[in-house]
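Scroll down for the structure; my scribbles are underneath it.
Chain naming here is simple, since letters A, B, ... match the order of the sequence lines and numbering starts at 1 in each. Side chains included, hydrogens not; waters and symmetry mates left out as well; all remaining heavy atoms used. For clarity, every value in this text was computed on a predicted model and none was experimentally measured.
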Number of protein chains: 2
Amino acid sequence: MTATIRDVARASGVHVSTVSRTFSAPHLVNAETRNRVLAVAEDLGYRPNRAARALTTGRTHNIGLIVADISNPFFPPLIKAAQAHARTRDYHVFVADTDEDPQVEEELIQTLTKQVDGVLLCSPRLSNRVIERLHADVPFVVVNRRIKGMPTILMDVAQGARLAIEHLTGLGHRRLALAAGPSGSWTSGQMREAAAAAAAASGAELVILGPNAPTEQGGLAVAAEVVASGATGVLTYNDLVAIGLIEGLYERGVRVPDDVSVVGVDDTLSGRLNRPKLTTVAMPTSAAGRIAVDLLLQSVGDGGTSTLTTLETRLVVRESTGEARS
Amino acid sequence: MTATIRDVARASGVHVSTVSRTFSAPHLVNAETRNRVLAVAEDLGYRPNRAARALTTGRTHNIGLIVADISNPFFPPLIKAAQAHARTRDYHVFVADTDEDPQVEEELIQTLTKQVDGVLLCSPRLSNRVIERLHADVPFVVVNRRIKGMPTILMDVAQGARLAIEHLTGLGHRRLALAAGPSGSWTSGQMREAAAAAAAASGAELVILGPNAPTEQGGLAVAAEVVASGATGVLTYNDLVAIGLIEGLYERGVRVPDDVSVVGVDDTLSGRLNRPKLTTVAMPTSAAGRIAVDLLLQSVGDGGTSTLTTLETRLVVRESTGEARS
DNA sequence: TTGAAAGCGCTAACAG
DNA sequence: CTGTTAGCGCTTTCAA
């Protein structure tokens with residue numbers, strides 16, 4: 001059905017290797033010949049078969065990107081940045097969703113292994129041990145998880161939590177709460193520690209509420225506890241939780257930011273669209289996507305150095321926080 | 001590095017073809033031999049190279065899924081449903097984002113063509129002509145666009161638009177606006193026609209505003225025109241536009257639903273979390289994802305029958321619409 | 001039930 | 001600058 005290199009060779013009266021060169025090393029072929037081949041190829045609708053090419057070159061020019069849940073608004077910016085950046089390097093990105101299932105994740109990695117030159121693991125759910133084993137077959141770059149011996153990109157959640165707490169105490173809030181994330185989350189652990197330390201340093205009280213589901217439901221559910229705690233400043237695991245919490249407070253007649261200030265994490269679209277607009281800790285997701293691709297292509301080239309890249313976070317003050325009432 | 005079929009053959013003292021059969025047609029090989037081969041393979045960590053296999057069989061057992069914008073919350077449920085369903089058929093799904101760019105879309109399809117057995121085109125931005133040309137090289141299933149000769153899944157946007165307009169006129173709104181989508185969008189065209197017809201049938205006026213970007217920015221930008229039009233009931237291209245529009249109206253001191261009623265389309269999470277909660281036309285996205293995979297695998301098998309599947313939509317009334325003020 | 005041989009579409013030395 | 005040859009990892013006749 002589709003034209004192959006041989007069809008083009010035949011139709012243009014040259015050997016297949018000349019056709020091959022026309023596409024993979026054009027400068028090595030006579031301009032005249034090249035143009036003829038190109039014309040014939042165009043005419044036949046010929047496209048080099050990248051999979052076949054990969055068989056001999058060992059380079060597919062594809063990279064895989066694995067996420068736990070594509071519908072988590074945290075991921076799309078990272079994915080888009082990775083795709084866009086990869087394209088400038090003549091690479092294509094295939095995204096796959098593991099549905100939060102480690103088994104699916106492993107299977108997906110195995111499948112991808114031979115069809116891509118490297119894999120970007122974003123917030124993996126697999127154990128370090130399994131990841132290390134799989135790593136023998138394909139280069140990895142890991143985002144949001146520290147695994148020794150692998151290029152890793154971390155977003156500095158601890159710093160973000162600190163910024164948020166300082167923002168809150170700066171506004172005069174003395175009684176704070178943290179609506180923590182799921183118990184298995186590395187990120188949530190980081191937040192707890194950093195928030196506790198920052199609160200202590202400012203002489204404020206901090207109660208930790210949770211674990212909570214990392215969703216709007218989780219936020220809705222924790223609202224009662226927040227009210228009961230008497231906190232006037234709350235840091236949440238992510239924007240979704242913040243939005244749910246604000247909704248829950250609202251239903252109880254508690255106004256944000258008039259009565260209680262709320263800070264989210266991630267700076268997702270949902271947060272920007274919420275009313276009140278969320279004050280939130282922005283994660284450098286796009287940068288992470290770009291850098292991840294660079295690291296990956298680099299380790300595809302040289303076999304993989306283990307780098308740890310930590311990206312700073314940033315506090316975006318919008319409407320969900322305000323001064324404590326005296 | 002990775003073990004090949006030859007390594008396994010050597011290590012287990014059989015010919016490569018026997019190893020091959022062990023994996024692709026186990027029943028054709030002696031149980032004893034098979035077990036030995038399997039053991040050795042396991043031991044060597046051998047995995048058949050699917051790309052190489054595809055070279056001879058012509059089946060990659062992958063399908064491609066192309067979307068215009070992965071961060072549009074409309075897509076994730078469709079993607080997840082497609083992935084989950086494909087897995088039950090022993091297929092994997094590779095997702096790619098075109099960034100709303102027809103050129104990128106074409107390039108992506110070309111790349112994918114040889115690495116997958118078929119492609120799911122979701123809300124393509126490419127012209128029918130180009131799609132038809134590309135179709136010569138790989139089976140397609142198209143979602144949200146009618147192209148003759150191709151298996152197509154349509155969500156009945158026309159019906160949805162009708163429901164929305166009738167809802168609005170039923171609330172007493174006589175002056176309506178449609179915030180249309182991008183010019184390349186088939187869906188947007190459907191909405192225009194159906195909305196115009198429904199408005200006329202109810203004796204209401206309808207102005208069409210746009211084209212607009214299918215995003216929150218698009219909604220924000222069209223707010224001024226909506227105000228200028230004097231419309232009190234607005235149907236938008238999708239939830240994102242609705243949310244942006246509500247924000248834009250709010251900034252101009254126009255209240256929703258008190259002054260103006262707004263209806264979105266898609267029933268996304270963002271819409272459910274927005275305040276006011278969006279009245280919206282719910283699209284059967286998960287069903288579309290599942291059915292799309294079935295159709296695609298079917299046409300991979302038999303060469304592709306052209307089926308038209310139309311899925312019904314449903315109006316979800318929430319808080320962004322209310323009675324017209326007399 | 002297994003082996004031998006050919007070939008999928010392409011690239012990569014090596015000659016010429 | 002171009003043709004020859006060999007081979008990437010795998011499947012698939014065809015014989016044995």
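On the nucleic acid side, DNA chain C contacts chain A at distances under 4.0 Å to non-hydrogen atoms, with the end points of that region at dC8(C) to dA13(C).
Classification of Asp69(B) and Lys80(A) as a salt-bridged pair holds, one side-chain N sitting under 4.0 Å from a carboxylate O. Ion pairing between Arg47(A) and Asp137(B) fails under the 4.0 Å rule for side-chain N and carboxylate O.
Within residues 107-114 of chain B, no residue places a heavy atom under 4.0 Å from DNA chain C. Within residues 25-34 of chain A, no residue is approached by DNA chain C to less than 4.0 Å at the level of any non-hydrogen atom.
Between Gly149(A) and His135(A), the closest heavy-atom pair is O-NE2, 4.4 Å. The heavy-atom pair separating Ala86(A) from Val93(A) by the smallest distance is CB-CG2, 3.6 Å.
Counting non-hydrogen atoms under 4.0 angstrom, Arg59(A) reaches nothing in the nucleic acid.
Applying the side chain to side chain contact (heavy atoms under 4.5 Å, CB included) test between Tyr91(B) and each of Arg59(B), Gln83(B), His85(B) identifies Arg59(B) as the sole match.
Within a 6.0 Å radius of CD in Gln110(A), other residues, nucleotides and ligands contribute more than 12 heavy atoms.
Looking at Asn72(A), its side chain never comes within 3.5 Å of a backbone N or O of Phe75(A) through a donor-acceptor pair. In terms of modelled atom types and a separation under 3.5 Å, the side chain of Gln190(B) and the main chain of Trp186(B) share no donor-acceptor contact. In this structure a side-chain-to-backbone donor-acceptor pair under 3.5 Å is present from Ser188(B) to Gly181(B).
Using a 4.0 Å cut-off, no side-chain N or O of Arg50(B) falls inside it from OP1 or OP2 of dC10(D).
Between Asp117(A) and His61(A), the side chains place no donor N or O within less than 3.5 Å of an acceptor N or O (distance only, hydrogens not considered). Judged by distance alone, the side chains of Asn62(A) and Gln115(B) do bring a donor and an acceptor atom under 3.5 Å apart.
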Can you list, pair by pair, the side-chain donor-acceptor contacts under 3.5 Å of residues 22-32 of chain B, counting residues two or more places apart and other chains?
| from | atom 1 | to | atom 2 | distance (Å) |
| --- | --- | --- | --- | --- |
| Thr22(B) | OG1 | Thr18(B) | O | 2.7 |
| Ser24(B) | OG | Ser20(B) | O | 2.8 |
| Asn30(B) | OD1 | Glu32(B) | N | 2.9 |

Which side-chain N or O atoms in residues 118-129 of chain A pair as donor and acceptor under 3.5 Å with protein atoms at least two apart or in another chain?
| from | atom 1 | to | atom 2 | distance (Å) |
| --- | --- | --- | --- | --- |
| Arg125(A) | NE | Glu100(A) | OE1 | 2.6 |
| Arg125(A) | NH1 | Ser123(A) | O | 3.1 |
| Arg125(A) | NH2 | Glu100(A) | OE1 | 3.0 |
| Ser127(A) | OG | Val130(A) | N | 3.3 |
| Asn128(A) | OD1 | Arg145(A) | NE | 2.9 |
| Asn128(A) | OD1 | Arg145(A) | NH2 | 3.1 |

(request) Treat primed atoms plus P, OP1 and OP2 as sugar-phosphate and everything else as base, then score nucleotides 11-16 of chain D 5' to 3': B for base contact with protein heavy atoms under 4.0 Å, S for sugar-phosphate contact only, - for none. (result) BBB---
